[in-house]
Amino acid sequence: MRAPGAFSPDDIVVGHSSRMRAIFDFVKVVSRSDSSVILTGESGTGKEVIANLLHHSSSRRHQPFVAVSCALFSENLIETELFGHERGAFTGAIKDKPGRFEMAQGGTLFLDDIDDVPLSMQVKLLRAIQNRTVERVGGTRSINVNVRVITGSKRDLKKMVAEGSFREDLFYRLNVLPIVLPPLRERREDIPLLTDFFFRRFAAARGVAAPSVSSAVRYAFARYRWPGNVRELENACERIVQTCTCGAVRTGCVAAGVLFGAGDPVPAAATAELTAGDTQSISLDDRLRDVESNLIIWALKVSDGNKSKAAELLSIKRSTFGDRIARCGLMDVGATEPGDVAVGVPA
Amino acid sequence: MVSRDQIESVLGRIRPMMQADGGDIEVVEIQGNSAHVRLTGMCAGCPSAQMTLYVGVEMVLRDEIKDFEELVVV
């Protein structure tokens with residue numbers, strides 16, 4: 001999906017989670033504007049997908065979309081990458097070369113990994129964005145650039161500003177329209193939908209029918225933490241489609257790391273008490289979900305998978321129990337076949 | 001020498017999921033610091049399942065059991 005032309009609206013999966021819906025609604029609103037957008041999210045949460053969507057739903061969509069990762073270049077190279085250079089600017093500069101800003105002329109420039117830009121470069125970036133002009137390395141003339149700048153960051157830039165590793169003035173220049181993308185583990189309800197989407201897409205690319213997916217695999221996918229987020233899920237699905245020999249996805253197809261990750265009990269940290277000495281931030285929603293899913297697993301185990309009994313044990317309505325199970329990502333209730341029982345409670 | 005219990009306790013963490021799919025990973029015998037295992041059920045004949053599962057399981061075994069050497073598919 002790196003190539004600009006490769007983007008298609010079919011690549012977009014909105015999902016059921018309210019946070020993602022809010023993000024897509026927000027994207028619709030801000031795609032008409034020219035203001036800077038900053039996309040914050042862990043690796044693999046879809047920053048480039050959203051940047052693409054912003055560009056392709058804006059009035060700039062017929063102009064270029066240029067995506068560049070600022071983490072790819074050394075401190076010296078990044079300046080010539082972004083601003084270009086004149087012939088003879090340095091050894092090996094045998095001809096003029098436009099930078100990414102110029103290449104995005106009239107369109108959108110997506111600067112990913114902005115948190116990896118060294119401080120010395122940040123001031124030059126600020127100047128370029130503020131004045132809408134760039135100067136090529138070794139050049140003297142200012143070139144006007146009309147680009148919408150979207151930045152991506154895996155770290156919280158506000159914290160970096162507080163720590164002194166990110167310039168405050170650049171932060172405020174970039175942080176006009178902030179969008180925060182949640183990690184996949186905080187929107188587990190979208191895992192089944194994404195899984196089906198990726199299986200369908202990779203199967204179509206390979207010219208085979210989309211495989212059926214067993215409930216145990218869905219269980220494993222729903223429980224695993226996905227540190228690499230949607231990208232990791234995408235890769236897992238691709239690998240499975242490429243290696244599947246029988247047209248049905250079962251636990252044997254799933255990498256052992258995912259199975260072990262799914263089989264591991266919820267980490268002790270989820271229940272451990274916090275003391276005044278703990279200063280790291282935690283996710284309340286994550287923890288509440290962990291507690292909820294542990295109790296549901298316990299109740300289902302005690303009641304031999306009988307949901308009515310389990311609901312009674314937990315003093316909740318049977319009618320809402322299925323929703324809770326799904327919300328905790330314990331089992332894709334809707335996709336479970338009638339004869340397919342109690343897969344939600346291994347371990 | 002590694003014990004069968006050690007191996008089984010590691011495998012026990014993924015076994016319920018495999019059994020839910022009508023398969024299993026069966027420890028045939030322990031030889032020194034190596035375990036001979038067999039994949040049974042639905043995924044038994046699938047070469048991809050052997051790769052994804054055996055390779056990954058061996059890694060976890062080596063990680064968690066000091067001295068563990070090899071997972072042998074029989």
Side-chain angles (χ1 to χ4, degrees), chain A residues 202 206 208 211-224 235-267 297 300-301 304-305 330-332 335-337 339-347, chain B residues 2-28 30 33-74:
Chain A
F202 289 121
R206 205 185 168 206
V208 296
S212 65
V213 184
S214 83
S215 314
V217 170
R218 288 194 184 277
Y219 170 86
F221 274 21
R223 291 277 292 170
Y224 181 60
N235 290 349
C237 293
E238 177 173 11
R239 222 215 42 232
I240 289 170
V241 169
Q242 294 302 330
T243 56
C244 183
T245 56
C246 65
V249 180
R250 302 195 184 88
T251 38
C253 309
V254 178
V258 174
L259 293 182
F260 277 105
D264 280 344
V266 175
I297 289 170
L300 282 168
K301 224 195 288 188
D304 279 329
L330 288 176
M331 183 165 39
D332 184 27
T336 314
E337 284 115 36
D340 215 345
V341 286
V343 209
V345 284
Chain B
V2 301
S3 75
R4 179 178 277 263
D5 282 353
Q6 285 175 300
I7 310 268
E8 292 284 0
S9 88
V10 171
L11 296 183
R13 282 159 37 200
I14 59 167
R15 181 165 277 142
M17 283 175 270
M18 301 189 66
Q19 286 172 343
D21 266 353
D24 207 343
I25 186 162
E26 196 182 298
V27 182
V28 181
I30 312 285
N33 289 327
S34 300
H36 291 215
V37 297
R38 184 187 292 144
L39 202 56
T40 62
M42 300 301 264
C43 296
C46 174
S48 303
Q50 294 206 357
M51 267 316 263
T52 54
L53 223 56
Y54 287 129
V55 172
V57 171
E58 184 178 67
M59 229 157 62
V60 176
L61 286 168
R62 278 188 186 157
D63 230 36
E64 299 194 5
I65 304 174
K66 205 175 130 278
D67 300 332
F68 185 84
E69 273 165 20
E70 202 183 359
L71 198 66
V72 183
V73 185
V74 296

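Residue numbers start from 1 in every chain, and the chains themselves are labelled A, B, ... in the order their sequence lines are given, proteins ahead of strands. All heavy atoms count here, side chains included; hydrogens, waters and symmetry mates do not.
Atom CE of residue B:M51 and atom CZ of residue A:R239 lie 9.5 Å apart, to the nearest 0.5 angstrom. Put simply, CE on B:M17 and OG on A:S215 are 13.0 Å apart, with the number rounded to the nearest 0.5 Å.
With a threshold of 4.5 angstrom between heavy atoms, A:C246 does not approach chain B through any atom at all. In this structure, the portions of B:V10 lying under 4.5 Å from any heavy atom of chain A include both its backbone and its side chain.
Heavy-atom minimum distance, A:T251 versus B:D21: N-OD2, 2.7 Å.
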In a table with atom names and distances, give each donor-acceptor pair under 3.5 Å that connects a side chain of residues 57-74 of chain B to protein atoms at least two apart or in another chain.
from	atom 1	to	atom 2	distance (Å)
B:E58	OE2	B:L71	N	2.7
B:R62	NE	B:E69	O	2.9
B:R62	NH2	B:E69	O	2.9
B:E64	OE1	B:R13	NH1	2.8
B:E64	OE2	B:R13	NH1	3.4
B:E64	OE2	B:R13	NH2	3.3

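Counting heavy-atom pairs closer than 4.5 Å to chain B, the top residue among A:C253, A:G252, A:A220 is A:G252.
Legend: residues meeting side-chain contact (heavy atoms from CB on, under 4.5 Å) with A:T245, ordered by chain and number and at least two apart, are B:C46, B:P47, B:S48.
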